[in-house]
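Below, all heavy atoms of this structure are taken into account, side chains as well, without hydrogens, waters or symmetry copies. Indexing begins at 1, ligand by ligand and atom by atom, following the structure's order. None of the values given here were measured: they were computed from a predicted structure.
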Amino acid sequence: MPTPRVAAIHDLSGFGRCSLTVAIPILSAMGVQCCPLPTAFLSTHTGGFEGFTFLDMTEEIPKVAAHWKSLNLQFQSIYSGFLGSVQQIGLVEHFLQDFRGRDTIVVVDPVMGDHGEIYQTYTPAMCTGMARLAACADVITPNLTEAALLLNLPYTALQEGKTGYCEIVERLSMDGRRSVVLTGAVLSPEQTGAMCFDAKTGRSTAVQTSRIPREFHGTGDVFASVLTGALVQGASLPDAAAKAVDFVRICAERTALENLPMREGVDFEPLLGTLTATGGIR
Ligand code: PXL
């Protein structure tokens with residue numbers, strides 16, 4: 001079997017472990033070729049650092065896409081995340097039109113905010129555009145803040161608990177047309193994980209693990225990268241979500257023991273081998 005290939009459309013943040021610095025090693029460890037298409041280059045991510053640099057890569061995107069098209073590249077998955085400008089929404093939509101094949105899995109992580117707050121560089125127009133882009137996806141991976149933005153509801157209006165989360169993923173599925181993996185779905189004080197709606201089966205499943213009572217930056221990116229890797233390797237949506245939930249848990253466990261600052265992300269590099277051992281080879 002040829003190595004599956006993913007086009008990863010995210011920012012590159014030099015320090016702080018998120019987006020491409022997470023997606024590239026995770027997908028590689030899972031036996032998947034990651035082709036990065038950077039949306040912006042930052043010195044650090046925007047959560048918890050001040051004075052970060054921000055180089056907008058909007059103008060590069062169509063040039064890279066045109067070159068890739070001239071090479072007739074094909075991707076088993078197109079996986080987008082943090083975008084650098086409102087124009088990039090249309091550019092990613094074009095990219096999907098140009099590169100989506102019959103079996104391409106389009107994963108849109110609708111990165112916009114967390115804990116009820118929108119990220120510093122996101123404008124209201126970008127949030128509206130992100131909802132439009134997410135409508136093109138096969139799978140979306142919002143956290144609760146992003147789910148509220150996509151549903152046009154106040155963050156505080158989302159109901160927690162199994163029934164509440166089921167309702168959120170079903171509403172986000174656009175009448176069952178796309179799969180949804182809601183992250184940060186806490187079903188009891190000792191547990192956390194995801195609630196999935198699988199468009200292939202029409203079923204909702206809660207995937208839970210023990211909760212590490214600390215927050216770290218970039219866990220959404222770690223989660224969506226493992227999920228994407230597992231999906232292109234042929235896992236079902238609930239199995240891919242279970243793999244992602246477990247990997248984030250072991251990363252959070254290790255990082256909590258080391259007591260690293262939240263903004264440095266999770267110390268996942270020493271744990272990449274666990275992904276290789278269980279999912280790298282078909
Ligand atoms: O983890 C999401 C993310 C990705 N990229 C950048 C960010 C954030 C969240 O703050 O700032 C640059």
>> Can you list every protein residue that has a heavy atom under 4.0 Å from any atom of ligand 1, sorted by chain and residue number?
In response: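 Ligand 1 is contacted, at a heavy-atom distance under 4.0 Å, by Asp11, Ser13, Cys18, Ser19, Leu42, His45, Thr46, Gly47, Phe82, Val111, Tyr119, His217, Asp221.
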>> Once you measure the plane-to-plane angle for Phe82 and Tyr119, does it fall in the parallel (<30°), tilted (30-60°) or perpendicular (>60°) bin?
In response: tilted
Counting only pairs under 3.5 Å, give me each side-chain donor-acceptor contact of residues 67-75, with atom names and distances, residues two or more places apart or in other chains.
| unit_1 | atom_1 | unit_2 | atom_2 | d |
| --- | --- | --- | --- | --- |
| Lys69 | NZ | Asp98 | O | 2.6 |
| Ser70 | OG | His67 | O | 2.7 |

> Is there a side chain to side chain donor-acceptor pair (under 3.5 Å) between Thr58 and Gln87 once you walk through the steps?
Replying inline: CA-CA 7 Å; Thr58 303; Gln87 293 88 335; 5.2 Å; no
>> Which residue is it: Asp109, Thr183, Thr228, Asp221? I am looking for the one with a side-chain hydrogen bond (donor to acceptor under 3.5 Å, both in side chains) to Thr141.
In response: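 The residue from Asp109, Thr183, Thr228, Asp221 that satisfies side-chain hydrogen bond (donor to acceptor under 3.5 Å, both in side chains) with Thr141 turns out to be Asp109.
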> What residues, two or more places apart in sequence or in another chain, satisfy side-chain hydrogen bond (donor to acceptor under 3.5 Å, both in side chains) together with Lys200?
Replying inline: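 None.
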> By side-chain hydrogen bond (donor to acceptor under 3.5 Å, both in side chains), which residues pair with Glu170, not counting sequence neighbours?
Replying inline: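 Residues passing side-chain hydrogen bond (donor to acceptor under 3.5 Å, both in side chains) with Glu170: Ser204.
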